[in-house]
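Notes follow the structure.
Letters go in sequence order (proteins before strands), and every chain restarts at 1. Quantities reported herein were computed from a predicted structural model and do not represent experimental measurements.
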Amino acid sequence: MNRIQEKLNEDKKLLSIYFTAGYPEINDTVSIIESLEEAGVDMIEVGLPFSDPLADGPTIQESSTAALHNGMHTELLFEQLRDIRKTVNIPLIVMGYFNPMLQYGVEAFCKKCHEIGIDGIIMPDLPLDVFQEEYEAIYKKYGLINVFLITPQTSEERIREIDEVSDGFIYMVSSASTTGAKSGFGDEQKAYFDRIASLNLKNPQIVGFGISNSNTFQAATEKAKGAIIGSAFIKYLTQNGTENIQSFVENILD
Amino acid sequence: MSYHANEKGYYGEFGGAFIPEMLYPNCEELRQNYLKIMAEPSFTEEFHQLLKDYVGRPTPLYFAERLSEKYQTKIYLKREDLCHTGAHKVNNTIGQILMAKKLGKNRIIAETGAGQHGVATATVCALMGIECVVYMGEIDIARQAPNVARMKMLGAEVRAAKSGSRTLKDATNEAIRDWINNPVDTHYIIGSVVGPHPYPDMVARFQSVISEEIKWQLKEKEGRENPDYVVACVGGGSNAAGAYFHYLDEPKVGIIAVEAAGKGIDTGESAATSALGKVGIIHGSKTLLMQTQDGQITEPYSISAGLDYPGVGPMHAHLFRSGRGEFISITDDEAMTAGLEVSQLEGIIPAIETSHAFAIFDYKKFEKEDVVVINLSGRGDKDLQTYIDYFKL
Ligand SMILES: Cc1ncc(COP(=O)(O)O)c(C=O)c1O
């Protein structure tokens, strides 16, 4: 069983953290991952920076630009992560945009992830139909879980289709927005969370976008299996550096 | 074999919709409806009425006698520069604003580089009384001040794209992000045959009025519908798509696409996507684009803001790869010289984008009897400052 699936079987709400590899400093990748695990985070999304991150708001855009400026690139990220499984046990997911993966070669990329011990991939701009037609078999061959997104606008029919193709969790985007754009959840989100919960999907859902503190974490995980924090963590790194990651996580889980 | 899009929006291996799920409902709504709406009599009637009475169509097909004499071939100019707002861009914005109305949208967003598409969008929004937000790179705002003022005067809000390289590609990113944040009430009017399916096909269809007219106009003048060559400059490729559209599947009509080489293909300051690009994903479309080995999209360069785009529409990527189209790249200097020449031989000051198309004669020789149609995509008013600076006028 894949580490993601094992983690999803644990009887607790999961906290997943996204960060952009190569930010704030080029060689922070491994220490950030280790600190997050130590602090009690359940899962990590390692962001492979892209020049044109369409689905991201200013915070992640800026961290991506800075990371690229620092010299981050696909091969370097893989090198940095080469020995990560000697020290880290929680699931690791690579998140990015499809073009860098396509240039690396989809099969080569998956093979490398497998060798390192990456458990899953999130490529928001790799569409469902193309994934199924061209890449699903490759992901399977290397034991990688592909994570799809749904939004409040996604039709039930499509959610069921996505549920069928998924074999880990569904990334539930909390509102119609880019990352970091909205904070706090209103009635609309609550209704959406309830609606999705009532669908009884086979894959658990993890909520992302708009989660920044313990309150929003609680609200997001009332029905869902877990929540993902991205922009708020990046902001924290920008302000505080990598020294005190523990306290950021404590504040959320508190 | 057809060079048009198939039902999934692919031109050969190029096209498709590589979009995050947040955009799926928006694009899907459009995909399911665009052909149906475009076939509705009430739509076509209003579209053609506006093209006639508001845009000023049909635009003339003009035999350029002195230019023909100089290059010893028969050169016709398709006068898109005479369209209202000064370029072909308005053919598409008229079509898309009517589409937006049919879809019940009450807010329009657009991206713009030089400001031509922004002005054409602001214009149709004023015409229809619909709210309009135009994203424009911070750098372009500074260098295209007159068009920024025109958009404002037309009632549009111009928002500066401050991310990335702060030019057209980033303005497009910002418009897409706006659409993600406003999925229900907003329609995104893309300015060229780029972006996710169905945009390339929809925009090509709206621009296809160009070749539709060329056909009957040429029949009147030359007794035949088909020229030997159609020539157009390619930024994203919308004026070219319109000029080629009804000739794509006529193998006897040569298709010539002219790209901006900037300071030269090997200088690192160029926008010649067919020469420098590799297959990848940009703005939701699989196409040729300029990128690093690592798949990061790079910044193009051209003296003409309208050709300063690191990708090219999937139709053109396919025309290039399949060999159906002949691609020529023209430097800043060659384009500027050609623009001056057309001004003085024909009394027409072309947009600098279009000037690139007039510079092909050193690279491509035509027979004396050949009929060559050059799509004169826009007029040079907007570029006067660049011409002034370049020629020290
Ligand atoms: C006059 C003119 N021609 C050509 C272009 C390039 O766009 P496209 O390749 O979509 O026709 C522009 C874009 O601003 C333009 O203003």
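- Across every non-hydrogen atom of A:Ser51 and B:Lys169, the tightest pair is O-NZ, 4.3 Å.
- Inter-residue side-chain proximity for A:Pro124 and B:Glu21 is flagged as unmet; no heavy-atom pair is nearer than 4.5 Å.
- Crowding of A:Lys111 atom NZ: a count of heavy atoms from other residues, nucleotides or ligands under 6.0 Å not exceeding 12.
- At a 4.5 Å heavy-atom cutoff, the contact between B:Leu289 and chain A is made by side-chain atoms alone.
- In this structure, the portions of A:Pro53 lying under 4.5 Å from any heavy atom of chain B include both its backbone and its side chain.
- Partners of A:Glu156 under the salt bridge (charged side-chain N to carboxylate O under 4.0 Å, His left out) rule, at least two apart in sequence or in another chain, are A:Arg160.
- Residue-level contacts of residues 163-178 of chain A with chain B, in order of numbering, are A:Val173, A:Ala176, A:Ser177, A:Thr178; threshold 4.5 Å between heavy atoms.
- Contacts of A:Asp56 with chain B are made by backbone atoms alone, with heavy-atom separations under 4.5 Å and no side-chain atom involved.
- Scored by the salt bridge (charged side-chain N to carboxylate O under 4.0 Å, His left out) test, B:Glu174 finds B:Arg177 as partners (sequence neighbours excluded).
- There is no contact between A:Phe131 and chain B, counting heavy-atom distances below 4.5 Å.
- Around CD of A:Glu188, the count of heavy atoms belonging to other residues, nucleotides or ligands within 6.0 Å does not exceed 12.
- Annotation: B:His4, atom NE2; neighbour count of heavy atoms from other residues, nucleotides and ligands within 6.0 Å is above 12.
- Within 6.0 Å of CG on A:Asp187 lie no more than 12 heavy atoms contributed by other residues, nucleotides or ligands.
- The candidate with the highest count of non-hydrogen atom pairs below 4.5 Å against chain B, out of A:Thr151, A:Thr154, A:Thr65, A:Asp129, is A:Thr151.
- With a threshold of 4.5 angstrom between heavy atoms, B:Phe18 approaches chain A through its backbone and through its side chain.
- The 12-atom threshold is exceeded at NZ of A:Lys202, counting heavy atoms of other residues, nucleotides or ligands nearer than 6.0 Å.
- Note that CG of A:Asp52 is 7.5 Å distant from OG of B:Ser165, once rounded to the nearest 0.5 Å.
- A distance-only check finds no donor-acceptor pair linking the side chain of A:Asp125 to the backbone of B:Pro20 [under 3.5 Å].
- Heavy-atom distances place both the backbone and the side chain of A:Phe50 under 4.5 Å from chain B.
- Using a 4.0 Å cut-off between charged nitrogen and carboxylate oxygen, B:Lys8 and A:Glu133 count as a salt-bridge pair.
- Taking chain A as the reference chain and counting heavy-atom pairs below 4.5 Å, the highest number among B:Ile281, B:Thr172, B:Val279, B:Thr298 is found for B:Ile281.
- The two atoms that bring A:Leu102 and B:Gly280 nearest to each other are CD2-CA, 4.1 Å, heavy atoms only.
- Between B:Asp294 and the choices A:Leu76, A:Thr74, A:Asn99, A:Leu68, the side chain to side chain contact (heavy atoms under 4.5 Å, CB included) rule is met once, by A:Thr74.
- Inspection of the A:Gln103 and B:Gln293 side chains reveals no N or O donor paired with an N or O acceptor under 3.5 Å.
- For a residue to count as touching a neighbouring chain, one of its non-hydrogen atoms must lie under 4.5 Å from one of that chain's; by this rule A:Gln153 touches chain B with backbone and side chain alike.
- From A:Leu54, atom CG reaches atom CD1 of B:Ile180 across 6.5 Å, with rounding to the nearest 0.5 Å.
- In terms of non-hydrogen atom pairs under 4.5 Å with chain B, the most contact-rich of A:Ile162, A:Leu149, A:Leu126 is A:Leu149.
- Side-chain atoms of B:Gln296 do not come within 3.5 Å of backbone N or O of A:Pro100 as any donor-acceptor pair.
- Residues passing the salt bridge (charged side-chain N to carboxylate O under 4.0 Å, His left out) test with A:Glu79, sequence neighbours excluded: none.
- The NE2 atom of A:His73 sits 10.0 Å away from atom OG1 of B:Thr292, with the distance rounded to the nearest 0.5 Å.
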